[in-house]
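The structure appears below as structure tokens.
A quick note: this is a predicted structure, and the numbers were derived from the prediction, not measured. Counting starts at 1 for both ligands and their atoms, in listed order. The first residue in the sequence is number 1, and the count goes up from there.
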Amino acid sequence: MTDFHRRQVHRRQVHRRQVVRGLCSGLAAALLAPARLAFAAGTIPIDDKSVLIVVDVQNCFLPGGSLAVKDGDQVVPIINGIAKKFAHVVLTQDWHTPGHVSFASAHAGKAPFEVVKLPYGDQVLWPDHCVQGTPGAEISKDIAIPQAELIVHKGFHKDMDSYSAFLEADHKTPTGLGGYLKERGLTRVFVAGLATDFCVAWTAMDAEHAGFETFVIEDASRGIDNRGSLAAAWSAMEKAGVKRIKSDDLAP
Ligand code: VGL
Ligand code: ZN
């Protein structure tokens, strides 16, 4: 059996497991701890239809930044390493106006991490971060992915947030990324970056809903974990069909 065939067999087995999981969901899901899809190390092929989306590795989210994600800097060498395997890489950049609606400072009497109701739904309020054109909004100088072919700015409408790189927080306004990927024939999406429980998760779930085969690379991402948000995000992603993998699951 060649390596390729072994991988195909493995993929069929994974697929069968997913089908079985689908049939048993409901009761089984209620009884069992969520089963993590296991991939053998080095078995997920990266082909010319695969794209790596590197989410928001920006100074504001790194140690010392205004919305620093714990150990956020640890994703940088991992992302640089896996990016070498991808012919197609897209970077995203949180890109807010001054006084953006997602900033606690824009709501009298509110503190960061409180939640308010806005026309499009609940909004967590954040410290000011990633203001357009400021040093905090810059992508980390340590990200080294020269072949990156697109940078998507998101969250640039003053009255609406956008965790997702596909749809803004109303779940309707597209950023254009879905159209870009489709037009380029890219059908398999690998997501990594910051933060796992916000922009990574929303990007991955929207990718899955838009019909892309979607993977989140866990060790190449870090979460904020505001009031249980990290565990909630992982269960929502797994329920949506997003595959949770590690960087060493990728084929060499
Ligand atoms: C993010 C909170 C606010 C993220 C962006 O990149 O996950 N989180 N803005
Ligand atoms: Zn933001």
Side-chain angles (χ1 to χ4, degrees), residues 52-76 78-79 90-107 110-116 118 120-140 143 151-171 173 175 177 189 191-207 214 216-234 236-237 242:
L52 176 65
I53 302 181
V54 178
V55 175
D56 296 2
V57 185
Q58 293 167 261
N59 294 332
C60 274
F61 298 120
L62 293 168
S66 61
L67 181 41
V69 178
K70 186 167 180 291
D71 298 330
D73 53 333
Q74 292 180 7
V75 305
V76 172
I78 302 174
I79 288 173
V90 171
L91 309 177
T92 76
Q93 226 173 345
D94 214 32
W95 199 248
H96 298 310
T97 59
H100 190 258
V101 71
S102 73
F103 296 171
S105 61
H107 302 262
K110 296 288 177 189
F113 307 104
E114 286 183 39
V115 178
V116 292
L118 294 179
Y120 55 79
D122 287 355
Q123 173 70 52
V124 181
L125 297 178
W126 304 105
D128 289 21
H129 64 281
C130 297
V131 174
Q132 297 165 3
T134 64
E138 281 166 22
I139 290 172
S140 166
I143 285 286
I151 297 177
V152 178
H153 285 174
K154 61 185 181 58
F156 51 77
H157 288 129
K158 189 171 187 183
D159 295 322
M160 185 152 47
D161 205 357
S162 189
Y163 295 146
S164 165
F166 289 89
L167 295 176
E168 299 193 23
D170 61 358
H171 299 287
T173 308
T175 64
L177 178 59
V189 168
V191 190
L194 305 172
T196 314
D197 39 351
F198 290 93
C199 293
V200 168
W202 287 48
T203 295
M205 287 192 285
D206 281 350
T214 306
V216 169
I217 308 170
E218 183 169 10
D219 57 320
S221 307
R222 289 293 183 281
I224 294 174
D225 205 12
N226 181 37
R227 307 177 202 201
S229 56
L230 187 57
W234 276 120
M237 285 192 275
V242 172

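Below the 2.8 Å limit, the Zn ion (ligand 2) has as protein N, O or S neighbours Asp94 OD2, His96 NE2, His129 NE2.
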Exercise for the section: Take Trp126 and Phe198 through the test side-chain contact (heavy atoms from CB on, under 4.5 Å) and record every step on the way to the result. Expected result: CA-CA 12 Å; Trp126 304 105; Phe198 290 93; 3.6 Å; yes

Handout entry: Test log, rule side-chain contact (heavy atoms from CB on, under 4.5 Å), inputs Thr203 and Thr92
Key = CA-CA 10 Å; Thr203 295; Thr92 76; 5.8 Å; no

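Of the listed residues (Gln58, His153, His100), just one forms a side chain to side chain donor-acceptor pair (under 3.5 Å) with Trp95, and that residue is His153.
Side-chain atoms of Gln123 and Asp161 form a donor-acceptor pair, as typed in the model, at a separation below 3.5 Å.
The closest donor-acceptor contact from the side chain of Ser221 to the backbone of Ala192 lies at 3.5 Å or more, if one exists at all.
Remark: Glu138 engages no residue in a salt bridge (charged side-chain N to carboxylate O under 4.0 Å, His left out) (not counting sequence neighbours).
Looking at Asp56 and Lys154, their side chains come closer than 4.5 Å, going by heavy atoms from C-beta outward.
Among pairs with a residue in residues 191-202, those fulfilling side-chain hydrogen bond (donor to acceptor under 3.5 Å, both in side chains) read Asp197-Ser229, at least two apart in sequence or across chains.
At a 4.0 Å heavy-atom cut-off, the residues surrounding ligand 1 are Asp56, Phe61, Leu67, Asp94, Trp126, His129, Tyr163, Leu194, Ala195, Phe198, Cys199, Ile224, listed by chain and number.
Counting all heavy atoms, side chain and backbone alike, Leu167 lies closest to Ser162 at O-OG, 3.4 Å.
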